[in-house]
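Heads up, the thing below is written out as structure tokens.
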Amino acid sequence: MKKHQLKILERIGSRKAPREYVIGPEMARTICELSFDLNRQIGVLIHRSGKIEHVIVGDHSGLMIPALSQIRTAGGRLRGLRLVHTHPGGEDLTDDDLMDLLFLRLDLISVLKITDDGLPERLYSAHLLPYSEAGRMWSFLEPVHPARQEGDFDNLVRALEAEFIRHRPTAQIDEEKDRAILVSVTTEPRQQAAESLAELRELSRSDDILILDEVLQRRTRINPRFILGKGKLTEIVIAALRLDANLLIFNQELNPSQIRSITDFTDLRVIDRTQLILDIFAHRAMSREGKLQVEMAQLKYMLPRLSSRDDALSRLTGGIGARGPGETKLEIDRRRINDRLARLAKELEEVARERYRRRARRRRKELPVISLVGYTNAGKSTLLNSLTDSEIIAEDKLFATLDPTSRRLRFPQEMEVIITDTVGFINELPKDLLQAFKATLEELAEADLLVHVIDVSNPAHPAQVQVVESLLRELELDRIPCLKVFNKIDLLGDDLRELSYRENGRELDGVAISALDRETFAPLLERAQQMIRKAIGI
Ligand SMILES: Nc1nc2c(ncn2[C@@H]2O[C@H](COP(=O)(O)OP(=O)(O)OP(=O)(O)O)[C@@H](O)[C@H]2O)c(=O)[nH]1
Ligand SMILES: [Mg+2]
């Protein structure tokens, strides 16, 4: 490029565009002439205030739009930027232009068509619509000569923003809440995929996230870069725009580069199931140990996801992924994370010692121990409450309990035991979390009897049983006698008290109860007592 041409570019960049015009006639002419001379596309990115944010020189048929994350949005649904660019090749708006309009949520995209002698022919523009019309989310403006722009651009954008707000699906969206689209891409069979998505829904609900839409896609192969095909991802972006979503939650674990490419492509905050679970734990942790464990798991998860240049990370600085337990804010600096991890490990050791002392005291009393285990939301805490007349928190949220609790229980025949409640299990429990909670879970090893609580009202319960059993094996707890309790039979309606439970042709025995109804407890108490007597040899 020649010196005087650079000068022209500089001059364009330093000027302001009139707010009432898409682009001033004089600026339009300058840009067309330069673009004609260079035989390259030229684009100007104009802020709603009229300030020129970028002047971009492309090649003959394309333009690289810089990352826009640094540019302040205008605060509405649209980005507050318009892009005006030339097409030396002579075409008007192309599909690529429309995709830029959509993905960048531009106020407007315009093409300046150039005449054979390098002058502006006409200005072709399109803007987004708050609803889709025949599958299209945009509308074209009547082409005009830059010198004859009549409509007031400022007004057009204001009217558009108002339309977007009017078309909001939920009248009163709580701006504080995250508004998510759930995405599951899987090779699993249909039934399993549906159950897993239902669980993601429950997890989101437990984390107080508003779910606006769900996308379930079953594929034979997974696209390693975006997980989904670009076409599907485009549809999701359109839905996000229409519904005013700010978050995509993937049911599959995403690696750092997938998070980055999906974030870049969609311009939405992207998290995966693991991060969601970590966030729930961060909200729920109450005890000192619980908080330390959760923070450790979060930092361990975050560490490999840091890189020196990281836009995706700056998006993590608000909301999920940046929230530690209680009031702690997660620091996002690698060195500091390592320091913090070392400190956490030390503190955890201390806490563990204290717990060991507590345990030793309890052992001296020589009471047998029953530990409740089971999938999250199975009813463990409810059962503990009903058995011991306690009021520990039990609610219809996943991971209501994080901290272990112990209570005394006196059996009808004068036998006294300690009964403990612990954190629930879940399929694909994030391994950092499992690691962090190992100390707590190790306490289960002290149990003389495990009571495995199963929510038989949940259609996914056979799979949940397998998850719990395999975790018990992993924690080497499968040597402890285990009594299966089929809970929530009140929801089945039938009289299934003497339920014998079939799974893979195997007959499994257990007792059926409703944790809400003590009248149903007799068989449970009897069996538990029998098994304990046998276990401790009396
Ligand atoms: N209808 C019915 N609901 C039950 C029964 N047992 C528990 N629930 C409900 O199921 C939900 C979960 O119960 P919790 O006791 O919190 O379950 P949990 O196993 O401790 O769950 P986490 O602590 O999250 O792992 C609560 O809303 C309970 O009221 C039951 O027998 N019948
Ligand atoms: Mg609980």
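Keep in mind that what you see is a predicted model, and the values were worked out from it rather than measured. Both ligands and their constituent atoms are indexed starting at 1 by order of listing.
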Task: Under 3.5 Å: N/O of I489 near N/O of ligand 1 - done: no
Checking heavy-atom distances from atom 22 (P) of ligand 1 to each of I426, L383, N377, L372, the winner is N377
For ligand 1, find out whether one of its N or O atoms is nearer than 3.5 Å to an N or O atom of G379. yes
Closest to atom 24 (O) of ligand 1 among protein heavy atoms sits A400 N, 2.7 Å
Practice prompt. Inspect the contact between K232 and E235 and indicate whether a charged nitrogen and a carboxylate oxygen are less than 4.0 angstrom apart.
Written response: yes
- Item | Any donor-acceptor N or O pair under 3.5 Å, side chains T388, S390 | yes
Residue pair S196 / N251, side-chain donor-acceptor N/O under 3.5 Å
yes
Within 4.0 Å of some non-hydrogen atom of A394, the atoms of ligand 1 are 14 (P), 15 (O), 16 (O)
Task: Verdict with supporting geometry, D389 and R518, salt bridge (charged side-chain N to carboxylate O under 4.0 Å, His left out) - done: CA-CA 11 Å; D389 247 330; R518 284 174 220 211; 3.2 Å; yes
Nearest non-hydrogen contact to atom 3 (N) of ligand 1 from the set D490, I392, L516 belongs to L516
Is there a donor in the side chain of S406 and an acceptor in the side chain of T420, or the other way round, less than 3.5 Å apart? no
Salt bridge (charged side-chain N to carboxylate O under 4.0 Å, His left out) evaluation trace for D478 with R473 | CA-CA 5 Å; D478 52 336; R473 269 195 301 277; 5.4 Å; no
Does any N or O atom in T382 lie less than 3.5 angstrom from one in ligand 1, N or O only?
yes
*State whether a side-chain donor-acceptor pair under 3.5 Å links E199 with Y375.*
yes
Among R284, K380, E395, K488, the residue with a heavy atom nearest to atom 16 (O) of ligand 1 is E395
query: Does I513 reach ligand 1 with a nitrogen or oxygen that is under 3.5 Å from one of the ligand's nitrogen or oxygen atoms?
result: no
* Short check: any N/O/S atom of T376 below 2.8 Å from the Mg ion (ligand 2)? -> no
Practice prompt. Assess G374 for proximity to ligand 1: is some non-hydrogen atom of it under 4.0 Å away?
Written response: no
*asked:* I'd like to know if the side chain of Q258 reaches the main chain of P224, judged simply by a donor and an acceptor atom lying under 3.5 Å from each other, with no hydrogens or angles considered.
replied: yes
Nitrogen or oxygen of V423 less than 3.5 angstrom from that of ligand 1 = no
Query raised in the report: Is any N, O or S atom of T382 under 2.8 Å away from the Mg ion (ligand 2)?
Result: no
Between F250 and the options V215, L228, I259, the side-chain contact (heavy atoms from CB on, under 4.5 Å) test singles out L228
At under 4.0 Å between heavy atoms, what of T401 touches ligand 1? The answer is both
| field | Polar proximity ligand 1 side, I393 side, N/O cut 3.5 Å exclusive | value | no
| request: Indicate whether the side chain of D455 and that of N377 have a donor and an acceptor atom separated by less than 3.5 Å. | output: no
